[in-house]
2 protein chains.
Amino acid sequence: MKNNLKVLRAIKNISQEELAKQISVSRQTINAMEKGKYVPSTVLALKLAKYFEKAVEEIFDLEDSD
Amino acid sequence: MKNNLKVLRAIKNISQEELAKQISVSRQTINAMEKGKYVPSTVLALKLAKYFEKAVEEIFDLEDSD
DNA sequence: TTCAAATGTAAAGTTTATTTTACATATTGA
DNA sequence: TCAATATGTAAAATAAACTTTACATTTGAA
């Protein structure tokens, strides 16, 4: 699964740390997600979607391997 | 986090087992989700959304406790 | 009422998400 | 250039997702 977090974050011009704070996770969790190192929980995905005012599907995308 | 899976499944009139097969998880995973026992991964949420032709937000809902 | 299918649940085990700490590198502004 | 801030990464620990097996209960149709 891939995602646009890095771009969305750039548009809002906030750091990984700031985003982490906003949605109450560690900075490493944000970093790891952006680097595609793991798949977040649905709660996290919904929080990110809410924060960026996007649909979950606009941020996260299934891949053939999923 | 809550969800409508039971209702959506009733509309399509398929069993937990059938749904499990469709999205390649165990029946217990479907059952546990419906019973609110745990939060699925985003991959699973996206697969369910695709299967039911709904947005993730139409199936899953954040609660204050999230 | 009876039988089969569907659902609920539980325990044990495996895998994966997430945290914490810590450090190295990159970037940027003064 | 210097210092601060941002990012990448890694290891160890914990929590949570998910599987498998197994069994009990419910439901619905013949």
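The chains referred to below are lettered A, B, ... by the order of the sequence lines, with proteins before strands, and numbering in each begins at 1. Fair warning: this is a prediction, and the values are worked out from it, not measured in the lab.
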To the nearest angstrom, the NZ-C1' distance between A:Lys21 and D:dA6 comes to 13 Å
Output for pair (A:Met1 CE, A:Glu63 CD), nearest 0.5 Å, gives 8.0 Å
Atom OH of A:Tyr38 and atom P of D:dA11 are separated, to the nearest Å, by 16 Å
Determine the contact category for B:Thr29: base if any of its heavy atoms lies under 4.0 Å from a base atom, sugar-phosphate if only primed atoms, P, OP1 or OP2 are that close, otherwise nothing.
-> base
query: At under 4.0 Å, does any side-chain N or O of A:Arg9 touch on OP1 or OP2 of D:dA6?
result: no
When rounded to whole Å, the CG to C1' distance for the pair A:Asn13 and D:dT5 reads 13 Å
When rounded to whole Å, the CD1 to C1' distance for the pair A:Ile23 and C:dT19 reads 14 Å
Taken to the nearest whole Å, CE/B:Met33 to P/C:dG8 is 13 Å
Of all heavy-atom pairs linking A:Leu5 and A:Ile59, the shortest is CD2-CG2, 3.7 Å
note: A:Glu34, atom CD; D:dT9, atom C1'; distance rounded to Å ~ 14 Å
**Asked** Is A:Glu34 paired with A:Arg9 through a side-chain N to carboxylate O contact shorter than 4.0 Å?
**Response** yes
In whole angstroms, the gap separating C1' of D:dA6 from CG of A:Leu19 amounts to 13 Å
Between CG of B:Leu44 and P of C:dT16 the distance, given in whole Å, is 14 Å
OG of A:Ser41 to OH of B:Tyr38, rounded to nearest 0.5 Å, is 13.0 Å
Is any side-chain N or O of A:Ser26 closer than 4.0 Å to OP1 or OP2 of C:dT19?
yes
Taking C:dG8, D:dA17, C:dT19 as options, the one with an atom nearest any side-chain atom of B:Val39 is D:dA17
Of the candidates D:dT9, D:dC18, C:dT18, the side chain of A:Arg27 sits closest to D:dT9
DNA chain D nearest-nucleotide lookup for B:Pro40 and B:Gln28: closer to the 5′ end is B:Pro40
_Phosphate OP1/OP2 of C:dT18: any A:Ser41 side-chain N/O under 4.0 Å_ = yes
Quiz item: Would you say A:Asn31 reaches D:dT7's phosphate, i.e. side-chain N/O to OP1/OP2 under 4.0 Å?
Solution: no
Note to self: Does D:dG8 have OP1 or OP2 under 4.0 Å away from a side-chain N or O of A:Lys6?
What the structure shows: yes
Practice prompt. Measure from NZ or CZ of A:Lys12 to the centre of the six-membered ring of A:Tyr51, then state whether that distance is under 6.0 Å and the direction lies within 45° of the axis.
Written response: yes
key: B:Gln16 vs C:dA5: side-chain N/O to OP1/OP2 distance below 4.0 Å   = no
Sorted by position of nearest nucleotide on DNA chain C, 5' first, the leading residue of A:Ser24 and B:Lys37 is B:Lys37
